[in-house]
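Here the structure is laid out as structure tokens; the discussion comes afterwards.
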Amino acid sequence: MIQNWASVCVRCHGPDDNGSKTEGRAFFHNEAGYSTFTASGIALDSGLVITSASLLRPFLMDKLSSYGEMVLCPNSGIDVLFESNIDDDGNETWVLADLVAVVEAEGMLSSIRRLIGQDSSMWTFGWGSSKGQLGTDLGSIHRFSLRNVGISGLAILQLKPSSTKMSSPHGQSKMTMSQSYPYHLSVPSIGKKLTLHGSGFGLIAPSVLINNISQGIVANIIHPHRAARRADEQANSLILTDAKFLPGMEGGAVSWDETRELAGLSMLPIRRTDGEPVDISLVIPAACIISAISPYIAIPRQALLPHHIAALNSSSLVNARQAVVMVQVGQTWASGVVVSKNGHILTNAHVFTSFLDNISNRTWPNLRSGVSLRVRIDSPQQQQWVDDCELVFVSESCWDVALIKIPETCMLNGFLPFLPLRSAEEISKVRPTVKGTPLFAIGHGIFGPSSGILPLITSGICSKVVTYNKVPVMLLSSAPVHRGNSGGVLVNTDGHFVGLVTGNGKTSTGRTITHLNFAIPLEAITASVNSYLVDEDRKWLDRLNTPSPRIDDIWSLRGTAPAWEPIEKVHQVPSKL
């Protein structure tokens, strides 16, 4: 039974005369014909250590042993560092370890295949700037092999008993489940808080950087097969989290924030080959780890808790997620939110700008000939693409708002989830959104139409509320959003719609800042849109085209340039040496 575990730093080294094994690595040490890498790991009371096989892949033999096992090449080695084995002067005592086996975390390759859909060429694994790491070939994920062992492989290590400094994984990093109650394995749920433990950048200064943590929530759950109904199927599903993941944290422990129970093991990050930032981390669930190591350690059958629901995963948050749809225009996609039971969908105007014909009146917009518009409605059991969509309105002002209408006959399981736009009076009666308010962004960021996955949920806070005449006109949030999140929603912990996501901050070079996003507050648009929903008179939507010049300045991020008095020219006397 896994009751005690510790977060550790794992180091692997081996021969590398020309440095070729460092390809795709963010940090490494190469000297005297050897290369060294570090990752993170989970140490158990039994003396076993579990880590990501991506750490060992450069030094695995290219051919399997006569027993069909993956083995390390000659002159390579592994050692493990516990935080309790670092003294006050920073001296480290590493514990030698043997490789017991490299095994597959079953179901993870299937989940990855579902995640990337038909766009495998757009994705890679690892930290390198151009290529993925060795053993992370997405073109071979139809079956587990040396080519993709870095993606879903688990390395099982055994600490050598001759190491006298370390006897058990106790110390500051010890995690202990209560001995008074049986150990339960919780099924992951959307919105549940978790903590990543790992030695980010651990190769640089292990004694300083060992066992740092990052917190977030479960952003999505990807089942190996489209419908996972049983608790055991759900427990073996790939977990996506918005917790910040640093190089060297792969293989690290992930725990549930409330109970400190082991939730899983962090994988290598997935990256887009076009350089678009992806701040979503992947986690192999604890159920997969237990299944993989069970031949090497006696683990009693775990009791699953399929009905464990995190506080954040209230029915209102579930409903908010179901109301978010995918909007596809031509070959691009975005998000939208259903705001009426009659099928009206709010999204962003900039999604359509380049697809409108030259004579479009934005109040009566038309797409160019040959440009298609369709919407995907999701539920956990069913997805439905709707092609017969009407583009009702596209704003031409700083209010980046568009409205779509789908036929009322488009229902999932007999109903259409929607997020009503509260009136100004209703908004005034609930907790206001202020700086520091916890917020969640919901949308189809990162993964496009071919993946077929439900919207991501990412967590953050309200960074700033910008007001004009004491009315909110812009929300800034730290909840990470990505390409495809445009038109998604910001909701609070009650699942209430507080803002329409419009985009990210960007650097001067055009690089996206995922943790700085902008949203239109509900207060700014609710009167116009709600009035339209009553009688469908487009004059109400036209009001969104005439904002105050000051609001336009705010959304254009226009400021006053600093003015300085010119510096008087001083006659320069040449030096004489």
Side-chain angles (χ1 to χ4, degrees), residues 1-12 38-56 78-86 93-106 152-179 181-186 194-199 202 210-211 213 235-236 239 249-256 259-267 283-304:
M1 182 178 292
I2 300 180
Q3 288 189 334
N4 300 327
W5 57 270
S7 180
V8 295
C9 183
V10 185
R11 184 171 65 185
C12 184
T38 59
S40 305
I42 306 170
L44 310 178
D45 269 348
S46 60
L48 289 186
V49 174
I50 316 301
T51 186
S52 170
S54 62
L55 172 66
L56 278 60
I78 309 167
D79 38 19
V80 177
L81 180 64
F82 289 78
E83 193 167 2
S84 56
N85 282 6
I86 304 172
T93 301
W94 291 77
V95 182
L96 298 177
D98 290 321
L99 175 61
V100 176
V102 175
V103 296
E104 177 186 7
E106 292 187 6
S152 64
L154 297 173
I156 302 175
L157 315 176
Q158 178 67 59
L159 299 174
K160 291 190 175 182
S162 58
S163 303
T164 57
K165 184 73 175 180
M166 208 297 301
S167 57
S168 64
H170 298 307
Q172 295 179 358
S173 59
K174 178 184 175 184
M175 304 291 176
T176 306
M177 298 300 298
S178 173
Q179 301 290 334
Y181 302 96
Y183 177 82
H184 294 292
L185 184 63
S186 297
L194 45 70
T195 301
L196 270 64
H197 308 254
S199 303
I210 189 172
N211 293 348
I213 65 171
N236 280 279
I239 299 171
M249 293 183 78
E250 60 268 27
V254 180
S255 63
W256 297 122
T259 63
R260 304 185 84 185
E261 171 194 345
L262 185 65
L265 175 144
S266 53
M267 300 172 63
V283 177
I284 299 172
C288 282
I289 298 171
I290 290 172
S291 176
I293 68 175
S294 57
Y296 307 94
I297 184 173
I299 304 177
R301 184 174 179 83
Q302 306 296 314
L304 296 175

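Remark: Ser7 OG to Met249 CE distance equals 8.0 Å, nearest 0.5 Å. Atom CG in Leu56 sits 4.5 Å away from atom SG in Cys12 (nearest 0.5 Å). Atom CG in Asn236 sits 11.5 Å away from atom CD1 in Ile284 (nearest 0.5 Å). The distance from the CD atom of Gln158 to the OG atom of Ser46 is 6.5 Å, given to the nearest 0.5 Å. Atom CZ in Phe82 sits 9.0 Å away from atom CD1 in Ile210 (nearest 0.5 Å).
Nearest heavy-atom pair, Glu104 versus Ala292, reported as atom, atom and distance to 0.1 Å: O-CB, 4.1 Å. The two residues Ser255 and Trp5 have their closest heavy-atom pair at CB-CZ2, 3.9 Å.
The main-chain N or O of Gly251 is never found under 3.5 Å from a side-chain atom of Ser40 such that the two would form a donor-acceptor pair. Although no hydrogens or angles enter the test, the distance criterion places no donor-acceptor pair under 3.5 Å between the side chain of Glu106 and the main chain of Cys288. A donor-acceptor distance shorter than 3.5 angstrom exists from the side chain of Ser266 to the backbone of Gly252, with no hydrogens or angles considered.
Contact of the Leu44 side chain with the Ile293 side chain is registered, since non-hydrogen atoms from C-beta on lie closer than 4.5 Å. Counting heavy atoms from C-beta outward, Leu157 and Leu99 have side chains that approach closer than 4.5 Å. Side-chain contact between Ile156 and Ile50: present, with at least one pair of heavy atoms (C-beta onward) separated by less than 4.5 Å. No side-chain heavy atom of Val283 sits less than 4.5 Å from a side-chain heavy atom of Met267.
Take Ser152 and apply the side chain to side chain donor-acceptor pair (under 3.5 Å) test, not counting sequence neighbours, and it matches no residue. For Thr38, there are no side chain to side chain donor-acceptor pair (under 3.5 Å) partners at least two apart in sequence or on another chain.
Applying the side-chain contact (heavy atoms from CB on, under 4.5 Å) test between Ile42 and each of Leu262, Leu154, Val49, Val8 identifies Leu262 as the sole match. Exactly one of Leu96, Asp98, Val80 qualifies for a side-chain contact (heavy atoms from CB on, under 4.5 Å) with Leu159. That residue is Val80.
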